[in-house]
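These notes concern the structure reproduced below.
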Amino acid sequence: MNSTVPIKPWLKFQNPPIKYLFDATQLSWLNNMSQSYNFESYPPLFRPSPNISQIQESNSDETESSLLLHSYIPVIDYFKCTTPTITTTKYQDVNEDENLISEACREWGLFRLVNHGIPFSLLNQIEEHAKKLFSLPYETKKAFFASSSSNFVSPMSYFWGSPALSPSGAALEPKNSEQQNNNQSLQWMEGFNVSLAQLSNIHYQDLLLETFRCLLEEYGKELCRLATEIFKILGPFESNYMSLETGLLRVYRYPRCLEPERTWGIDTHTDSSVLSIIHQDDVGGLQVYKDHQWIDVNPLPNTLIVNIGDMLQAMSDDRYMSVKHRVKVNRHKERISIGYFVFPAEDTIIQSTKYNPFSYADFRAQVQHDLKTIGLKTGLQKFRFS
């Protein structure tokens, strides 16, 4: 498999060893003891058969066979690439030798970000609190994150079975049917959807929830900083082509699955966002499509994955391509990941030489229509010039 991956073109992205990358103190979580699993915390359709008392923990690394492939994901040093050396006013004129972010987004649609300045301790705390919340009984999670009234939509909601949510952020759960297990629309994940703009408007009496909320609020501010700087480097674009007010977090758990070959954590898709920034734990599963093959994006401590979404593809006239990706499930381990997604202002009209003018509201409505009628997202194709 290694021989099929182009090596030379991506060597330019590989920086000298970064201090965050292999800090031994940050690898302590690799030595965690085997844990027992409370399957009552899983949505009912994800629970193993009652005659299976426990799934044995595996000592094997399911990502080992493709471990070398992570070297070919472009690695970008945030501090080096945000040094003000680019004076051009048009993104077409950027000096590509100085702008590795631009080149990575053209060739791959994503890159691995190091030296991003977000404390590892913050990422670790969010991950640990997420594990505690996900381990609560299924009905408890639903109750915790339910809206308190019909006139109030909580900035934090719980969903499962599909990453597709309503425009208000409400979870769209799959139908409670035994046949749903064999339906490709059921995706092996659950998550919390968090509107960052509204997060400061609510406080929880429960200490675990309130601490989680505070951690996410702090993390959101860090991600706004990164997204703003990266967007400037890739542009310039109209300022309202990316609105920080639209930013949201998705905290995912991918439960253990006895038959991982029959389902996906999240199936093949592109993000509808301008930019997406992903933090993943030590359990692999994320894959991207490149040069007619799927490539594992293996986890490395204190790094983030930044990928291009549909909106940035359109506003850049297809200069930057929205990357196809998916998530595998694991027979032996649960996986936690945290995604940040930011969009254009709701009614901003995106002008492009490749697409009919449209707003993000138009795009989202088309996606919702597609999901309801044909069961999949057609994305930008509906807006492309004939």
Side-chain angles (χ1 to χ4, degrees), residues 91 145 147 149-157 159 162-172 191-202 216-217 219-221 223-232 234-251 269-278 306-318 320 322 338-373 376-385:
Y91 65 81
F145 293 95
S147 299
S149 72
S150 59
N151 297 321
F152 172 73
V153 177
S154 172
M156 298 177 67
S157 62
F159 62 96
S162 171
L165 306 182
S166 70
S168 65
L172 299 176
F192 304 122
N193 183 72
V194 182
S195 170
L196 290 172
Q198 303 175 35
L199 199 54
S200 61
N201 298 332
I202 190 171
L216 292 179
E217 189 172 17
Y219 186 45
K221 293 176 182 177
L223 292 168
C224 286
R225 167 181 62 83
L226 293 178
T228 299
E229 192 63 41
I230 292 170
F231 188 64
K232 288 179 181 178
L234 293 174
F237 302 104
E238 298 292 334
S239 59
N240 54 0
Y241 273 15
M242 188 183 80
S243 171
L244 296 178
E245 293 297 308
T246 68
L248 60 87
L249 290 173
R250 294 275 184 89
V251 184
H269 68 287
T270 60
D271 291 341
S272 298
S273 59
V274 177
L275 291 171
S276 304
I277 304 176
I278 309 300
V306 180
N307 69 266
I308 300 302
D310 299 332
M311 297 298 97
L312 188 53
Q313 176 175 330
M315 63 184 66
S316 69
D317 296 330
D318 289 352
Y320 306 126
S322 185
I338 308 164
Y340 169 77
F341 307 90
V342 62
F343 306 87
E346 185 78 3
D347 296 321
T348 296
I349 302 299
I350 296 174
Q351 303 286 346
S352 171
T353 64
K354 305 287 186 180
Y355 303 91
N356 292 298
F358 67 94
S359 67
Y360 177 65
D362 296 332
F363 182 86
R364 187 176 60 187
Q366 182 65 56
V367 170
Q368 292 285 321
H369 175 76
D370 290 342
L371 292 174
K372 292 177 181 179
T373 56
L376 55 86
K377 167 186 166 183
T378 58
L380 290 173
Q381 293 304 317
K382 290 292 181 67
F383 298 92
R384 188 179 292 276
F385 286 133

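Sequential numbering from 1 along the given sequence is applied to the chain's residues. None of these values were measured; they are calculated from a predicted model.
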Report task. For L234 and I308, run side chain to side chain contact (heavy atoms under 4.5 Å, CB included): C-alpha distance rounded to whole Å, both residues' side-chain angles, the deciding distance at 0.1 Å, then the answer. Result -> CA-CA 10 Å; L234 293 174; I308 300 302; 4.1 Å; yes

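- For Q368 against L165, the heavy-atom pair with the smallest separation is NE2-O, 2.8 Å.
- For E245, the CD atom is loosely surrounded, since the number of other residues' heavy atoms within 6.0 Å does not exceed 12.
- Interatomic distance, CD of E217 versus CG of L249, reported as 11.0 Å (0.5 Å rounding).
- Contact record, G309 with S322: C-OG, 3.4 Å, taken as the closest heavy-atom pair.
- Annotation: the span from L196 atom CG to L223 atom CG amounts to 7.5 Å, rounded to 0.5 Å.
- Side-chain contact between L216 and M156 is present, with at least one heavy-atom pair separated by less than 4.5 Å.
- Atoms CZ and CG, from R384 and D318 in turn, are 4.5 Å apart once rounded to the nearest 0.5 Å.
- In plain terms, the two heavy atoms of P344 and T246 that are nearest each other are O-CG2, 3.5 Å.
- Nearest heavy-atom pair across F159 and N193 is CE2-N, 3.6 Å.
- Atom CZ of F231 sits about 7.5 Å away from atom CG of L275, to the nearest 0.5 Å.
- The shortest side-chain heavy-atom distance between R364 and S272 does not fall under the 4.5 Å cut-off.
- Between Y320 and Q313, the closest side-chain pair of non-hydrogen atoms is not below 4.5 Å.
- Heavy-atom minimum distance, A314 versus F358: CB-CZ, 3.9 Å.
- Scanning both residues, A227 and V342, for their nearest heavy atoms gives CB-CG1, 4.5 Å.
- Looking at heavy atoms from C-beta onward, F341 lies in side-chain contact with R250 at the 4.5 angstrom threshold.
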Requested in this report: Go through K382 and D362 one step at a time and tell me if the salt bridge (Lys or Arg N to Asp or Glu O under 4.0 Å) criterion holds.
Outcome: CA-CA 11 Å; K382 290 292 181 67; D362 296 332; over 6 Å; no

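- Between the CD1 atom of I349 and the CG atom of N240 there is a distance of 10.0 Å, given to the nearest 0.5 Å.
- Taken from CG in D271 to CD1 in I278, the straight-line distance is 6.5 Å, to the nearest 0.5 Å.
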Report task. Go through the steps for S352 and F385 under the test side chain to side chain contact (heavy atoms under 4.5 Å, CB included), then give the verdict. Result -> CA-CA 10 Å; S352 171; F385 286 133; over 6 Å; no

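- For the pair S154 and F145, the minimum side-chain heavy-atom distance is 4.5 Å or more.
- Contact of the V274 side chain with the Y360 side chain is not registered, since no non-hydrogen atoms from C-beta on lie closer than 4.5 Å.
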Requested in this report: In sequence, state the C-alpha distance, the side-chain angles, and the governing distance for F363 and L380, and then conclude on side chain to side chain contact (heavy atoms under 4.5 Å, CB included).
Outcome: CA-CA 8 Å; F363 182 86; L380 290 173; 3.8 Å; yes

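- Counting only heavy atoms from C-beta outward, the side chains of F237 and I350 never approach each other to under 4.5 Å.
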Requested in this report: Under the side chain to side chain donor-acceptor pair (under 3.5 Å) rule, what do D347 and S359 come out as? Steps first, then yes or no, please.
Outcome: CA-CA 5 Å; D347 296 321; S359 67; 5.0 Å; no

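- Contact of the D310 side chain with the K377 side chain is registered, since non-hydrogen atoms from C-beta on lie closer than 4.5 Å.
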